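Report on the structure given below.
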Amino acid sequence: MSRIRLGVNIDHVATVRNARGGDMPDPLRAALLAEQAGADGITAHLREDRRHIRDEDIAGLKAQLKIPLNLEMAATDEMLAIALKHRPHAACIVPEKREERTTEGGIDCISQFARLKPIVAALSDAGIRVSMFIEPDRKQIDAARNLGAPVIELHTGAYANAAGEARRAILKHIHNGAAFGAELGLEIHAGHGLTYDNVAPIAAIAQIRELNIGHFLIGEAIFTGLAAAIAGMRRRMDEARSEGDSPPAQRSGGPLRVPNAASLDERPEEAHIKK
Ligand code: PXP
């Protein structure tokens, strides 16, 4: 199975910085550290209310990173102008509500098709690789393809928040969505709410090429440091990927053998003991 990329979202370094209004901790420093620690890309969401990442962060990231920058943005004229000014490698179009704590669902590519189409076109014309952050729903995937986006990022928030049978059902839905999108020729990414405990079944989906992970990594970094948190995630992703390659009889009996649906019942505290 192909290697899966890890995009590290550094928004919540900026959340901590902004809690005191000063310059530290610096999200750019975190991004450069993540780059050194093996991140394949850096993701940052410039929200309309600038609650975490600010305009100058985007400028600094674009100027100093050697790995790709993925700008998460709402489909607004303001954000389009900022993306065209900084020209990140990629732009992920997300829905944005001022009152939400985090991005709560995927963007509706069907009802917003007419508004999204020129934005996707303008970004693509500027050489920015556009992805649509959507629910793993066939109609949404189809609409994203018709918008001309080469990439979709499947929202894993509902999967992360569910447990047991409900989580298994959502995982199946994500799996089917990834397969359908890949059949349409789209590159498939996924993200939101992923942690050490729930990443393996998502990373094991062969069609998924990239995961974008933020909140958990920045939280874990408080205890272990950012490089170790990234290495821990990388290891789990790679393990899940290689488990998918080998027939069951040849699989190692290591602690991270959790990419299948049965592992979804694993309790977080048990997973911690095994680390
Ligand atoms: N992908 C997208 C499109 C997002 O909006 C976010 C949250 O900013 C993430 C991934 C990362 O989610 P989390 O911070 O829960 O890992």
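Please read all numbers here as calculations on a predicted model, not as lab measurements. One-based numbering along the sequence shown. Atoms within a ligand are numbered from 1 in the order they appear, just like the ligands themselves.
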TODO: Could you tell me which atoms of ligand 1, counted from 1 in the order shown, lie closer than 4.0 angstrom to a heavy atom of H215?
DONE: 13 (P), 14 (O), 16 (O)
Task: Backbone or side-chain N or O of G193 under 3.5 Å from ligand 1 N or O - done: yes
- [ ] Decide, yes or no, whether a salt bridge links R50 with D57 under the criterion of side-chain N to carboxylate O below 4.0 Å.
- [x] no
Task: Shortest reach to atom 1 (N) of ligand 1 by a heavy atom, considering only E210, H192, E153 - done: E153
TODO: May I ask whether F133 places a heavy atom under 4.0 Å from ligand 1?
DONE: yes
Task: Where ligand 1 meets V94 - atom numbers and elements under 4.0 angstrom, heavy-atom basis - done: 3 (C)
TODO: Answer yes if the side chains of H155 and E153 hold a donor-acceptor pair under 3.5 Å, and no otherwise.
DONE: no
Open item on the list: Looking only at distances, can you tell me whether any N or O atom of N212, backbone or side chain, sits closer than 3.5 Å to an N or O atom of ligand 1?
Closed with: no
Open item on the list: Could you check whether any side-chain heavy atom of S2 comes within less than 4.5 Å of a side-chain heavy atom of R209, counting everything from C-beta outward?
Closed with: yes
Task: Numbered atoms and elements of ligand 1 in range of N9, under 4.0 angstrom, heavy atoms - done: 8 (O)
Open item on the list: Can you name the atoms of ligand 1, numbered from 1 with element, that are less than 4.0 Å from a heavy atom of G214?
Closed with: 13 (P), 14 (O), 16 (O)
- [ ] Would you name the heavy atoms of A144 and M132 that are closest together and state the gap between them?
- [x] CB-CG, 3.9 Å
Open item on the list: Atom CG of residue position D125 - does it have more than 12 heavy atoms of other residues, nucleotides or ligands inside 6.0 Å?
Closed with: yes
Task: Under-4.0 Å heavy-atom contact with ligand 1, by part of D11 that carries it - done: side chain
Task: Sub-3.5 Å N/O-N/O distance, E72 and ligand 1 - done: yes
Open item on the list: Using a 4.0 Å cutoff against the non-hydrogen atoms of I213, which atoms of ligand 1 qualify?
Closed with: 16 (O)
TODO: Return the orientation label for the H215 and H12 ring planes: parallel under 30°, perpendicular over 60°, tilted otherwise.
DONE: perpendicular
Open item on the list: With a 4.5 Å cut-off on side-chain heavy atoms, are F113 and L147 touching?
Closed with: yes
Task: Shortest non-hydrogen separation from R54 to L46 and the atoms involved - done: C-CD1, 3.5 Å
